> 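Starting off with a structure, shown below.
Values reported hereafter were calculated over all heavy atoms of this structure, with side chains retained and with hydrogens, waters and symmetry mates removed. Both ligands and their constituent atoms are indexed starting at 1 by order of listing. Predicted, not measured: the structure shown is a model, and the values here were computed from it. If you read the sequence from its start, that first residue is 1, and numbering goes on from there.
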Amino acid sequence: MKVELTINRRKGIFEVEPNELLINLLREKIRLTGTKYGCGIGMCGACTVLLDGEPVLACLTLAVDADGGEVETIEGVAREGKLDDLQEAFLEEGAVQCGYCTPGFIMTAKALLNENPSPSEDEIRGYLKGNYCRCTGYVNIIKAVQRAAEKRKRIGKQEI
Ligand code: FES
Ligand code: FES
């Protein structure tokens, strides 16, 4: 089957199997390996990407169900060689250790801040509850999201 997708602002037509998962299309066919495969059963959040601005689990999403949509992966977050506010905040807060969970956290946090630019700590924890990290203990990840939200407020940015 053919699907038409805009991936990281580039439109393309891709040949997929009817049961092919979005994560396989991204990682294996297009070699966008920033999206991570963790559990494969919707439990860890490592495979989170944005589909039409909403966070989805690429390990549970059929590529055909994304047909006509806009997909954003971690590779599309930096613009013109510059990290975005969330990526910078994760580095500044030491929220990255092994880094395996980081793309999923950043994509989920990006959706959160676009939806709710000033989330409380509880709201951040609630929104990120589907993303697991085995290294950091979450504290620095929460701080990184708060830091990015504060920066966004300071500079009056609408979307990150
Ligand atoms: S790999 Fe998709 S949720 Fe774990
Ligand atoms: S930084 Fe290693 S799993 Fe999160």
> In total, how many protein N/O/S atoms does one find closer than 2.8 Å to atom 4 (Fe) of ligand 2?
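Near atom 4 (Fe) of ligand 2, the number of protein N, O or S atoms below 2.8 Å is 2.
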> How many angstroms lie between SG in C47 and CD1 in I41, if you round to the nearest 0.5 Å?
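Answer for the SG-CD1 pair, C47 versus I41, is 11.0 Å.
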> Using salt bridge (charged side-chain N to carboxylate O under 4.0 Å, His left out), reason through E121 and R125 one step at a time and then give a plain yes or no.
CA-CA 6 Å; E121 182 178 335; R125 287 185 182 278; 3.0 Å; yes
> Answer yes if V56 and F105 sit in the same cluster of Ile, Leu, Val, Met, Phe, Trp and Tyr residues linked by side chain heavy atoms under 4.5 Å apart, and no otherwise.
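In one cluster with V56: F105, no.
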> Using side chain to side chain contact (heavy atoms under 4.5 Å, CB included), reason through L21 and L60 one step at a time and then give a plain yes or no.
CA-CA 7 Å; L21 294 165; L60 295 185; 5.8 Å; no
> Same cluster or not: V71 versus V77, using hydrophobic residues (I, L, V, M, F, W, Y) connected whenever any side-chain heavy atoms lie under 4.5 Å apart?
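Shared cluster, no.
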> When you look at OH of Y138, are more than 12 heavy atoms from neighbouring residues, nucleotides or ligands closer to it than 6.0 Å?
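Atom OH in Y138 is crowded, with more than 12 foreign heavy atoms closer than 6.0 Å.
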> Keeping waters out of it, list the protein N, O or S atoms under 2.8 Å from atom 2 (Fe) of ligand 1.
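Result, waters dropped: C47 SG, C59 SG.
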> Enumerate the salt bridge (Lys or Arg N to Asp or Glu O under 4.0 Å) contacts for residues 53-77, please, sequence neighbours excluded, ordered by first and then second residue.
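For residues 53-77, and leaving out neighbouring residues, the salt bridge (Lys or Arg N to Asp or Glu O under 4.0 Å) pairs sorted by first residue read E72-K110.
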> Under the rule for side chain to side chain contact (heavy atoms under 4.5 Å, CB included), what residues qualify as partners of A144, not counting sequence neighbours?
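Checked A144 against side chain to side chain contact (heavy atoms under 4.5 Å, CB included); matches are A89, F90, E93, A95.
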> Can you tell me how far CG of L22 sits from OG1 of T35, rounded to the nearest 0.5 angstrom?
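The CG atom of L22 is 8.0 Å from OG1 of T35, to the nearest 0.5 Å.
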